[in-house]
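Data first, discussion second: the structure below is written as structure tokens.
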Amino acid sequence: MSENNPYTIDVQVRTRFVPDQSRPDDNRYVFAYTITLRNAGSVPAQLLARHWVITDANGKVEEVRGDGVVGEQPWMRPGDDYEYTSGAVLETPVGTMGGSYQMLADDGTRFEAPIPSFTLSIPRTLH
């Protein structure tokens, strides 16, 4: 719910392990994540930049900042969705990601859209 905040971006995340690009023997675990953004506010807004905090199971933290997402800076009207898929490489089979998107509303207001922390994990296998 936007709770009457005109500057609200809802963020949904789906993750998956990418075994064909991973090399566990070399401590390389590749994950894909699909993000769906929805402008739940009442003002059109553009995603300008991203800030990620990626933490692996060893406690190693990597911060990533950059313009847009996957080479785009999507503009969304109220009610619009925008979806993209990207990836992360960890040295451990489990980790977390979270952060924020820096947004610019059409009325000139800059605001942050938080990205709730989510887990990256290889599927558990039973023998």
Point to revise | Q12 atom CD, over 12 foreign heavy atoms within 6.0 Å | key: no

Revision key, fill the gap. All heavy atoms of Y7 vs all of A105, minimum pair found to be CE2-CB, 3.6 Å

Review point. What closest approach, in Å, do L120 and A88 show between heavy atoms, and which atom pair accounts for it?
Key: CD1-CB, 4.2 Å

Check your understanding: If you round to the nearest 0.5 Å, how far is CZ of R14 from OG1 of T36?
Key -> 5.0 Å

Practice item. Establish whether V89 and V70 are linked, either directly or via other cluster members, by ILVMFWY side-chain heavy-atom contacts under 4.5 Å. Key: no

Exercise for review: Can you measure from CD1 (I122) to CZ (F17) and round to the nearest 0.5 angstrom?
Suggested key: 5.5 Å

Check your understanding: Which heavy-atom pair separates D106 from A45 by the least distance, and what is that distance?
Key -> OD1-N, 4.4 Å

Check your understanding: Where do D67 and R50 come nearest, in terms of heavy atoms and distance?
Key -> O-NH1, 3.0 Å

Exercise for review: Keeping the roles fixed (side chain from D107, backbone from T109), state whether a donor-acceptor pair exists under 3.5 Å.
Suggested key: yes

Review point. Side-chain contact, heavy-atom cut-off 4.5 Å: P93 with S121?
Key: no

Exercise for review: Grab the two heavy atoms, one from I9 and one from N39, that are nearest each other, plus how far apart they are.
Suggested key: CD1-CA, 3.8 Å

Exercise for review: Check the pair L48, R110 against side-chain contact (heavy atoms from CB on, under 4.5 Å), reporting the backbone distance first and the verdict last.
Suggested key: CA-CA 10 Å; L48 298 179; R110 290 180 178 268; 3.1 Å; yes

Practice item. Rounded to the nearest 0.5 Å, what's the gap from CG on D26 to CD on E91? Could you check? Key: 11.0 Å

Exercise for review: Evaluate the ring planes of Y33 and F118, with Trp represented by its six-membered ring, and classify them as parallel (under 30°), tilted (30 to 60°) or perpendicular (over 60°).
Suggested key: tilted

Check your understanding: Do L104 and V11 sit in the same hydrophobic cluster, where Ile, Leu, Val, Met, Phe, Trp and Tyr count as joined when their side-chain heavy atoms come under 4.5 Å apart?
Key -> no

**Study point:** From F31 atom CZ to T15 atom OG1, the distance as rounded to the nearest 0.5 Å
**Key:** 8.0 Å

Practice item. Give the cluster check for M97 versus V13: same hydrophobic cluster or not, with ILVMFWY residues linked at side-chain heavy-atom distances below 4.5 Å. Key: yes

Review point. Are the side chain of R28 and the backbone N or O of Q21 linked by a donor-acceptor pair below 3.5 Å?
Key: yes

Review point. Atom CD in Q46, atom CE in M103: separation rounded to 0.5 Å?
Key: 8.0 Å

Review point. Going hydrophobic residue to hydrophobic residue with side-chain gaps under 4.5 angstrom, can you get from V64 over to V18?
Key: no

**Study point:** Closest non-hydrogen atom pair between G68 and Q73, with its separation
**Key:** CA-CG, 3.8 Å

Check your understanding: When rounded to the nearest 0.5 angstrom, what distance separates CZ in R38 from OG1 in T8?
Key -> 12.5 Å

Review point. Hey, quick one: are Y82 and Y101 part of the same hydrophobic cluster, counting side-chain heavy atoms closer than 4.5 Å, chains of contacts allowed?
Key: yes

Practice item. Before giving the answer on side-chain hydrogen bond (donor to acceptor under 3.5 Å, both in side chains), spell out for E63 and H51 the whole-Å C-alpha distance, their side-chain angles and the decisive distance to 0.1 Å. Key: CA-CA 7 Å; E63 289 198 52; H51 174 219; 2.5 Å; yes

**Study point:** Residue among T85, I35, L47 satisfying side-chain contact (heavy atoms from CB on, under 4.5 Å) with V69
**Key:** L47

